[in-house]
2 protein chains.
Amino acid sequence: MFLRIQPSSSDPLFEQIVFGVKRAVASGELAAGERLDSVRDLAKQLAINPNTVAKAYAELESQGVIVRRQGAGCFVAERSSPLSDRERNKRLSQLVERLVIEAFHLDFSPPEIRAAVLARLDLHASDQGTSP
Amino acid sequence: MFLRIQPSSSDPLFEQIVFGVKRAVASGELAAGERLDSVRDLAKQLAINPNTVAKAYAELESQGVIVRRQGAGCFVAERSSPLSDRERNKRLSQLVERLVIEAFHLDFSPPEIRAAVLARLDLHASDQGTSP
DNA sequence: GAACGGTACTAGAACACATGGTACAGTGTG
DNA sequence: CACACTGTACCATGTGTTCTAGTACCGTTC
């Protein structure tokens with residue numbers, strides 16, 4: 001399992017792990033049912049404390065990304081979001097709103113934002129259409 | 001100047017202010033050159049410490065969103081991003097990447113993500129095309 | 001000059017982050 | 001069964017951020 005961590009970043013280590021795993025799952029690098037590195041192994045690889053990895057894994061489970069089985073390990077969940085449709089749509093709106101506003105202050109025009117999103121989504125259009 | 005703050009949120013107060021101002025500017029609610037509420041006034045309105053507002057304003061200035069003039073007040077900047085084109089494009093990519101990955105784990109398909117972004121951008125298509 | 005701006009300190013409480021260590025319970029395998 | 005490995009749950013500690021509180025200084029505006 002490949003995961004890079006930047007200790008220089010202002011983002012907390014455990015959040016970097018959370019997003020790194022999410023990215024690996026979304027890209028298909030980690031398939032559903034696949035086992036993650038153990039808490040102790042990943043901590044050793046990244047040269048950080050096992051408690052920090054455990055915190056990241058707990059967060060990932062609460063988001064429905066992985067399943068933790070005591071004694072066995074952590075595995076990529078089959079289906080993801082445990083949220084209601086209303087909550088899912090609300091969060092998607094917030095994500096889009098944040099993108100648009102931050103991009104606006106980076107001096108990008110709506111057509112430029114639109115192009116960036118479409119380019120990113122079309123990258124994997126030739127796949128099964130499941131993993132962006 | 002309308003700004004709502006949620007003390008219950010896990011987001012820091014000063015970051016809520018930063019995003020709130022950014023949103024107001026992006027929506028056109030705050031026009032370029034317009035004066036913001038003073039540090040002390042806004043602090044009183046929101047019932048928080050003036051230092052917290054000052055921190056938010058300092059952050060907004062460092063991002064090129066506003067200009068602070070000692071003794072006069074804070075004003076919405078004319079042009080925004082002080083970053084290089086390379087840095088701007090890098091950040092846009094990161095924003096899009098985050099949106100796509102988080103939306104994926106909310107069980108949204110690429111077409112749904114695409115539709116959400118287009119809907120948000122088309123909302124203001126009838127304007128001059130400057131403020132999303 | 002007076003009132004109102006931003007700016008800059010100091011100090012402290014509360015919290016988050018990360019580390020280190022220990023211990024316990026469930027799982028899988030030889 | 002015994003053993004190694006897994007997640008889980010604590011505790012304690014150090015560090016940094018967030019927020020509050022108070023004070024003070026300097027520039028702008030009228």
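So you know, we letter chains A, B, ... as the sequences are listed, proteins then strands, and number each from 1.
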Once hydrogens and angles are ignored, does a donor-acceptor distance under 3.5 Å link the base of D:dG7 to the side chain of A:R40?
yes
Does A:R69 have a side-chain nitrogen or oxygen under 4.0 Å from the phosphate oxygens OP1 or OP2 of D:dT8?
no
Calculate the interatomic distance between B:Q16 atom CD and D:dT18 atom P; express it in whole Å.
13 Å
Considering just the side-chain nitrogens and oxygens of B:K55, establish if one lies under 4.0 Å of OP1 or OP2 belonging to D:dC19.
no
Under the 3.5 angstrom rule, does the side chain of A:R88 hit a backbone N or O of A:S81 as a donor-acceptor pair?
no
Output the distance between atom CG (B:L36) and atom CG (B:D41), rounded to the nearest 0.5 Å.
11.5 Å
Length of the line joining B:Y57:OH and C:dA8:P, which is rounded to integer Å
17 Å
I'd like to know if A:K55 pairs up with A:E59 as an ion pair, taking the criterion as any Lys NZ or Arg NE/NH1/NH2 lying under 4.0 Å from an Asp or Glu carboxylate oxygen.
no
Check the distance between C:dA16's C1' and A:E59's CD and give it to me in whole angstrom.
14 Å
May I have the distance from A:E15 (atom CD) to D:dT17 (atom P), rounded to whole angstrom?
15 Å
Once you round it to whole Å, what is the distance between P of D:dT8 and CG of A:L60?
12 Å
Rounded to whole Å, the CD1-C1' distance (B:I5 to D:dC19) equals 13 Å
Please figure out whether A:I48 or A:G71 has its closest DNA chain C nucleotide nearer the 5' end.
A:I48
Any side-chain N or O of A:T52 below 4.0 angstrom from OP1/OP2 of C:dC17?
no
Using only heavy-atom distances, decide whether a donor-acceptor pair under 3.5 angstrom links the side-chain of B:N49 to the base of D:dG22.
no
Is any side-chain nitrogen or oxygen of A:R68 closer than 4.0 Å to OP1 or OP2 of D:dT8?
yes
To the side chain of A:P12, which of C:dA18, D:dC26, D:dT18 is closest?
C:dA18
Is B:Q16 reaching over with its side chain to a backbone N or O of B:Q6, donor-acceptor style, under 3.5 angstrom?
yes
Report yes if the side chains of A:K22 and B:F104 come closer than 4.5 Å at any heavy-atom pair, otherwise no.
no
Check whether any side-chain N or O of A:S38 sits under 4.0 Å from OP1 or OP2 of D:dT6, and answer yes or no.
yes
Using atom CG of B:N51 as one end and atom P of D:dC19 as the other, report the distance to the nearest whole Å.
11 Å
Tell me: CZ of B:F75 to P of D:dT28, nearest whole Å?
12 Å
Taking the nucleotide of DNA chain C with the nearest heavy atom to each, does B:A54 or A:L13 sit closer to the 5' end?
B:A54
